Amino acid sequence: MRDVLGWRRKFGVLGPSTNTIVQPDFEMMRPPGVTNHYSRIFTPNAKAVSNDTFMAGTEVIGRNVLEAVRSVMTCEPDYLVMGMSAVTFYGGAPGADAFQAKVEGESGVRISIGSHSCTAALKAYGGVRRIAILSPYYPVANREVARYFTDSGFDVVRDLCLECKSWTAIAEVPPEVLREKLIELDGRDVDAIVQVGTNLSMVRLAAAAEMWLGKPIIAINTATYWHALRQNGIADKISGLGRLLEEF
């Protein structure tokens with residue numbers, strides 16, 4: 001017997017307790033027969049974030065992930081979706097593999113994580129080698145993101161970090177600021193732009209930016225949810241949220 005509403009798949013979604021963007025973003029992308037069940041990873045709302053405090057804060061989240069996994073597994077989801085991105089990049093590609101293995105070992109089901117999902121998305125577009133990165137992070141975390149993508153075979157041409165002052169402040173960055181940052185990052189030497197940081201609201205903006213910049217703009221929430229759907233054999237094409245969900 002299948003769940004009455006989640007008759008195709010039940011997704012367990014893991015995200016920081018301070019995150020207010022992932023849940024509505026994933027609901028916006030959810031096709032019929034798929035249900036999302038959010039499990040909050042406890043984290044204090046870090047203030048006056050610096051390189052040191054940013055890393056310390058994300059390490060707290062990393063340590064609390066498995067407790068959120070154990071909680072959401074009580075509803076017997078078919079698959080997990082990671083709604084927090086920073087820790088999935090730490091340690092480069094081997095670190096991402098180790099993080100995925102840790103969660104899957106605890107849960108007994110597979111998971112889509114932000115880092116590997118972005119790589120899969122870039123490969124789906126095809127012809128992408130040189131990328132730029134936009135994040136709400138601090139430089140120390142951007143270096144980890146760049147390390148991951150370099151490990152994965154991409155050239156990171158440049159990156160930009162917004163240095164948001166708290167976890168909740170990430171969700172307060174307005175579209176007009178993000179639009180300016182995308183234009184600043186773009187150039188003929190860039191094949192695609194990747195946005196990381198799941199509490200940054202970028203799904204709709206990235207879809208629009210693909211039209212006026214004329215290249216792939218990968219929003220991490222889009223990439224992660226797309227990856228989860230496709231890994232579960234759900235090929236529905238969803239319009240209005242970018243080429244990734246519309247074409248691949």
Side-chain angles (χ1 to χ4, degrees), residues 25 51 54 58 82 84-97 99-100 112-164 170 173 175-228 230-231 241-248:
D25 271 1
N51 271 325
F54 184 93
T58 56
M82 187 66 184
M84 193 274 181
S85 62
V87 296
T88 73
F89 290 100
Y90 292 173
D97 289 342
F99 178 86
Q100 181 173 341
S112 288
I113 63 174
S115 52
H116 288 342
S117 296
C118 285
T119 294
L122 290 167
K123 290 179 178 179
Y125 277 93
V128 174
R129 178 62 183 270
R130 302 164 301 173
I131 66 172
I133 297 166
L134 174 63
S135 88
Y137 303 158
Y138 275 68
V140 65
N142 267 31
R143 287 194 290 271
E144 290 295 313
V145 176
R147 175 185 174 187
Y148 167 84
F149 281 115
T150 300
D151 285 351
S152 301
F154 299 97
D155 295 329
V156 179
V157 176
R158 55 184 158 271
D159 69 281
L160 190 155
C161 47
L162 300 175
E163 300 187 12
C164 293
I170 296 171
V173 180
E176 55 268 26
V177 170
L178 296 173
R179 180 179 181 276
E180 292 173 1
K181 300 304 182 185
L182 289 174
I183 293 170
E184 184 180 337
L185 279 170
D186 190 31
R188 292 185 176 180
D189 56 345
V190 170
D191 301 320
I193 299 174
V194 180
Q195 171 263 319
V196 301
T198 62
N199 208 25
L200 204 59
S201 182
M202 278 283 295
V203 169
R204 291 192 181 278
L205 179 62
E210 287 191 321
M211 292 187 285
W212 40 264
L213 292 178
K215 62 187 60 176
I217 311 296
I218 307 294
I220 195 163
N221 287 350
T222 305
T224 307
Y225 203 78
W226 164 83
H227 187 262
R230 301 302 183 253
Q231 288 296 299
L241 300 177
R243 289 182 56 205
L244 191 63
L245 284 167
E246 290 179 353
E247 298 180 20
F248 305 110

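Small disclaimer: the values here were computed from a predicted structure and weren't measured.
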Point-to-point distance, once rounded to the nearest 0.5 Å, from [atom1] of [X] to [atom2] of [Y]:
{"X": "His227", "Y": "Ile113", "atom1": "NE2", "atom2": "CD1", "answer": "9.0 Å"}
{"X": "Leu160", "Y": "Lys181", "atom1": "CG", "atom2": "NZ", "answer": "5.5 Å"}
{"X": "Tyr90", "Y": "Arg143", "atom1": "OH", "atom2": "CZ", "answer": "11.0 Å"}
{"X": "Cys161", "Y": "Ile133", "atom1": "SG", "atom2": "CD1", "answer": "10.5 Å"}
{"X": "Asn51", "Y": "Tyr138", "atom1": "CG", "atom2": "OH", "answer": "8.0 Å"}
{"X": "Asp97", "Y": "Gln100", "atom1": "CG", "atom2": "CD", "answer": "7.0 Å"}

Would you check if [X] and [Y] make a side-chain contact, meaning some heavy-atom pair closer than 4.5 Å?
{"X": "Leu213", "Y": "Ile217", "value": "yes"}
{"X": "Leu245", "Y": "Thr222", "value": "yes"}
{"X": "Trp212", "Y": "Arg179", "value": "yes"}
{"X": "Ile193", "Y": "Glu210", "value": "no"}
{"X": "Leu205", "Y": "Leu182", "value": "yes"}
{"X": "Leu122", "Y": "Ile218", "value": "yes"}
{"X": "Val173", "Y": "Leu178", "value": "yes"}

Donor-acceptor pair, [X] side chain versus [Y] backbone, under 3.5 Å?
{"X": "Asp155", "Y": "Arg129", "answer": "no"}
{"X": "Ser85", "Y": "Gly114", "answer": "no"}
{"X": "Gln195", "Y": "Gly197", "answer": "yes"}
{"X": "Asn199", "Y": "Ile170", "answer": "no"}
{"X": "Glu144", "Y": "Gly91", "answer": "yes"}
{"X": "Thr88", "Y": "Ser115", "answer": "yes"}
{"X": "Asn221", "Y": "Thr198", "answer": "yes"}
{"X": "Arg230", "Y": "Phe248", "answer": "yes"}

Next item on the list: Answer yes if the ring centres of Tyr148 and His116 are under 6.0 angstrom apart, and no otherwise.
Entry: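 They qualify: ring centres under 6.0 Å apart.
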Next item on the list: Take the angle between the ring planes of Phe54 and Tyr137 and call it parallel below 30°, perpendicular above 60°, tilted in between.
Entry: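 Geometry flag for Tyr137 against Phe54: tilted rings.
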Heavy-atom pair of closest approach, residues [X] and [Y]:
{"X": "Cys118", "Y": "Val194", "answer": "SG-CG1, 4.0 Å"}
{"X": "Leu241", "Y": "Arg204", "answer": "CD2-NH1, 3.8 Å"}
{"X": "Thr58", "Y": "Val87", "answer": "O-CG1, 3.4 Å"}
{"X": "Pro216", "Y": "Tyr125", "answer": "CG-CD2, 3.4 Å"}
{"X": "Ala93", "Y": "Asp151", "answer": "N-OD2, 3.0 Å"}
{"X": "Leu244", "Y": "Ala124", "answer": "CD1-CB, 4.4 Å"}

Notebook entry, point to check: Is it true that the side chains of Asn142 and Ser135 contain a donor and an acceptor less than 3.5 Å apart?
Noted result: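 There is such a pair between these side chains.
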Next item on the list: Could you please spell out the steps behind the side chain to side chain contact (heavy atoms under 4.5 Å, CB included) verdict for Tyr225 and Ile220?
Entry: CA-CA 9 Å; Tyr225 203 78; Ile220 195 163; over 6 Å; no
Margin query: Determine whether Asp191 and Val157 satisfy the following criterion, side chain to side chain contact (heavy atoms under 4.5 Å, CB included), listing intermediate values before the conclusion.
Written below: CA-CA 10 Å; Asp191 301 320; Val157 176; over 6 Å; no
Next item on the list: Given ring pair (Phe, Tyr, Trp, His ring centres under 6.0 Å), test Phe149 with Phe89 step by step and report yes or no.
Entry: CA-CA 9 Å; Phe149 281 115; Phe89 290 100; 5.7 Å; yes
Check: With respect to Asp189, which candidate in Arg130, Arg158, Lys215 satisfies the salt bridge (charged side-chain N to carboxylate O under 4.0 Å, His left out) definition?
Finding: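 That would be Arg158.
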